[in-house]
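Worksheet for the structure shown next.
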Amino acid sequence: MDERITRRSVLAKLGGLAAVALGAEAWQSDAEAGAGPAAVAAGLVTCVLTPEQTEGPYYIANEHVRSNITEGRPGTPLTLHTTVVSASSCKPIKGAAVDVWHADASGTYSGVLGNSGTFMRGIQKTNAKGVALFQTVYPGWYQGRTVHIHVKVHVGGNVVHTGQLYFPDTLTDAVYLKAPYSSRPARTTRNANDSVYRNGGSKSMLTVHKSGSGYVAAIMMGVQRS
Ligand code: FE
């Protein structure tokens with residue numbers, strides 16, 4: 001009899017613990033929901049924060065401030081049109097420094113791995129509309145990565161965003177049919193099987209349009225100022 005009562009009380013205690021655990025879980029999922037659609041509905045979150053992605057091993061700080069970053073290297077012309085906005089107000093951020101770097105048509109980065117030069121690297125400041133423009137070429141591929149352009153955004157001396165920009169695979173297929181890309185073997189990695197792209201890369205997909213003999217690629221980056 002005593003033992004039964006004891007068992008019952010233990011079960012009751014366990015039940016109580018389970019209820020506490022369920023309560024905590026329910027509270028957690030409420031909090032998660034509150035940070036998502038509810039916050040958007042309440043006007044607390046109005047712009048999309050562009051996902052952070054690794055800077056990778058080939059970043060070099062303090063590159064040249066210039067619009068044309070090709071240093072005469074070959075490739076399909078690409079105008080990169082970047083817009084920086086505040087993720088909380090959606091307003092353009094003027095005077096942000098946009099810092100880009102990418103592989104040339106042969107898949108080579110300047111200034112690293114024993115390579116010389118500063119090609120395909122540069123910094124531009126955003127204008128009153130939050131826009132910074134670069135004249136470059138469509139990036140080549142390198143082992144293990146899908147085609148991408150690295151980007152950092154600095155505001156007031158602080159890095160407010162580090163990301164990577166991507167291209168639609170079908171467009172890359174078309175561009176790579178032409179010289180100088182066509183002399184290289186087929187690339188190893190497409191967006192869907194790139195480990196960095198899979199972690200939020202679809203939110204940093206460039207919108208690309210044909211323009212003359214090349215392309216214009218645009219991206220809007222939502223950042224937090226501090
Ligand atoms: Fe890279």
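Note that ligands are numbered from 1 as they come in the structure, with each ligand's atoms numbered from 1 the same way.
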Out of Phe119, Tyr58, Tyr59, which one pairs with Trp101 under the ring pair (Phe, Tyr, Trp, His ring centres under 6.0 Å) rule?
Tyr59

Angle class for the His148/Tyr166 ring planes (parallel below 30°, perpendicular above 60°, tilted otherwise)?
tilted

So, [X] and the Fe ion (ligand 1): N/O/S under 2.8 Å, yes or no?
| X | value |
| --- | --- |
| Tyr58 | no |
| His148 | yes |
| Tyr109 | yes |

Would you call Asp169-Arg187 a salt bridge at under 4.0 Å N-O?
yes

Are there more than 12 heavy atoms of other residues, nucleotides or ligands under 6.0 Å from atom NZ of Lys203?
no

